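I have placed the structure first, in the form of structure tokens, so that the comments after it can refer back to it.
All figures in this text were calculated on a predicted structure; none of them were measured in a lab.
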Amino acid sequence: MSSAPVLQLLDVARSYLQGTGTLEVFRGISLSLRPGELVALVGPSGAGKSSLLHMAGLLEAPTRGEVVIDGLAASALPDQERTRIRRDTIGFVYQAHHLLPEFSALENVVIPQRIAGKSRGAAESDATRLLVHLGLGQRLTHRPSQLSGGEQQRVAIARALANRPRILLADEPTGNLDGRTAAGVFASLVALVRAEGLAALIATHNLELAERMDRSLVFHDGQLVEGDAHAAHAPI
């Protein structure tokens with residue numbers, strides 16, 4: 001792709017103090033994500049997938065290295081600007097949907113837009129567009145308890161994209177769903193990512209889903225390798 005990367009991780013590492021020693025989760029990781037690119041992040045539990053996504057989403061800082069969003073080095077930005085980037089540029093989808101139970105599907109997607117300053121009319125219009133695109137046009141007024149697991153996750157995806165981010169970060173977005181439902185939700189997610197021209201980094205244990213993305217990045221011995229989701233080959 002000829003377009004410039006919207007997300008770059010440059011030689012990032014993450015470690016934690018543990019007792020009298022240090023636990024190194026990963027080291028020397030570099031990657032680039034371009035608009036329209038769908039990338040799988042694959043690895044066993046505890047490999048560091050969630051930590052890497054949190055770092056990419058500016059929710060935590062790397063022990064060393066740099067996160068670059070749209071050409072801006074995050075370490076040089078004040079907290080207020082990092083918060084603005086998280087709100088306006090990055091969408092998050094988690095394994096659990098975290099929908100607000102007292103609000104309808106439509107309202108759950110409207111709320112983050114209203115927080116960002118959008119008018120109610122514009123927010124409802126965009127929320128409706130996203131939910132219809134995800135096959136929930138008949139479920140707009142339903143609360144989460146009235147929706148299936150797959151429908152709840154589709155609402156969570158719509159909410160993540162409500163403020164038209166450039167980057168989508170998803171942590172096991174189909175992990176709580178059965179195989180058939182997971183495949184349907186994933187297909188809807190891919191279609192929306194393509195339609196919106198997002199750069200998407202998706203952590204998953206599902207190798208079948210990983211193989212349907214543009215490429216896979218696989219955790220191996222504290223580093224990322226690129227290639228077959230079933231096996232790690234050459235370093236990036």
Does Ser75 offer a backbone N or O that forms a donor-acceptor pair with the side chain of Glu66 under 3.5 Å? yes
Between Phe186 and Asn206, is there a side-chain heavy-atom distance shorter than 4.5 Å? no
What about Ile111 and Val109, same hydrophobic cluster or not, with Ile/Leu/Val/Met/Phe/Trp/Tyr joined at side-chain heavy-atom distances under 4.5 Å? no
Should Asn108 and Pro144 count as side-chain neighbours, where that means a heavy-atom distance under 4.5 Å? yes
What distance separates Ile202 CD1 from Leu217 CG, expressed to the nearest 0.5 Å? 12.0 Å
Which side-chain N or O atoms in residues 165-172 pair as donor and acceptor under 3.5 Å with protein atoms at least two apart or in another chain?
unit_1 : atom_1 : unit_2 : atom_2 : d
Arg166 : NH1    : Asp70  : OD1    : 2.3
Arg166 : NH1    : Asp70  : OD2    : 2.9
Asp171 : OD2    : Ser50  : OG     : 2.6
Glu172 : OE1    : His205 : N      : 3.2
Glu172 : OE2    : His205 : N      : 3.1
Glu172 : OE2    : His205 : ND1    : 2.6

Are Leu72 and Leu201 grouped together when hydrophobic residues (ILVMFWY) are joined by side-chain heavy atoms under 4.5 angstrom apart? yes
With a 4.5 Å cut-off on side-chain heavy atoms, are Gln113 and Asn163 touching? yes
Heavy atoms, side chains only, cut-off 4.5 Å: are Thr174 and Leu189 in contact? no
Not counting sequence neighbours, which residues clear side chain to side chain contact (heavy atoms under 4.5 Å, CB included) with Ala61? List them please. none
Main chain of Arg34, side chain of Glu37: is a donor-acceptor contact present, judged purely on distance under 3.5 Å? yes
I need the single residue from Met55, Arg64, Arg27 that forms a side chain to side chain contact (heavy atoms under 4.5 Å, CB included) with Arg14. Which is it? Met55
Could you tell me whether the side chain of Leu7 reaches within less than 4.5 Å of the side chain of Val67, counting heavy atoms only? yes
Linking I/L/V/M/F/W/Y whenever their side-chain heavy atoms sit closer than 4.5 Å, directly or via other members, would Ile29 and Tyr16 fall into one cluster? yes
I want to check something: taking the side chain as every heavy atom from C-beta on, are Leu53 and Tyr94 in contact at a cut-off of under 4.5 Å? no
Quick check against the 3.5 Å criterion: does Gln153 have a side-chain atom that pairs as donor or acceptor with the backbone of Pro173? yes
4.5 Å side-chain heavy-atom contact, Arg194 and Val190: yes
Going by heavy atoms in the side chains, are Leu52 and Leu9 under 4.5 Å from each other? yes
How far does CZ of Arg82 sit from OG1 of Thr89, to the nearest 0.5 angstrom? 13.0 Å
Residue pairs meeting salt bridge (charged side-chain N to carboxylate O under 4.0 Å, His left out), one or both in residues 127-146, sequence neighbours left out, come to Asp126-Arg129, Arg129-Glu196, Arg139-Glu151
Other than Leu10, which residues form its hydrophobic cluster under the rule that side-chain heavy atoms must be closer than 4.5 Å? Val68
Can you tell me if Gln80 has over 12 outside heavy atoms packed within less than 6.0 Å of its CD? no
Residues which pass side-chain hydrogen bond (donor to acceptor under 3.5 Å, both in side chains) with Arg180, listed by chain and number, not counting sequence neighbours: none
Residue pairs, two or more places apart or on separate chains, that pass salt bridge (charged side-chain N to carboxylate O under 4.0 Å, His left out) and touch residues 41-58: none
Against Phe26, only a single residue in Val12, Thr63, Leu224 fulfils side chain to side chain contact (heavy atoms under 4.5 Å, CB included); can you say which? Val12
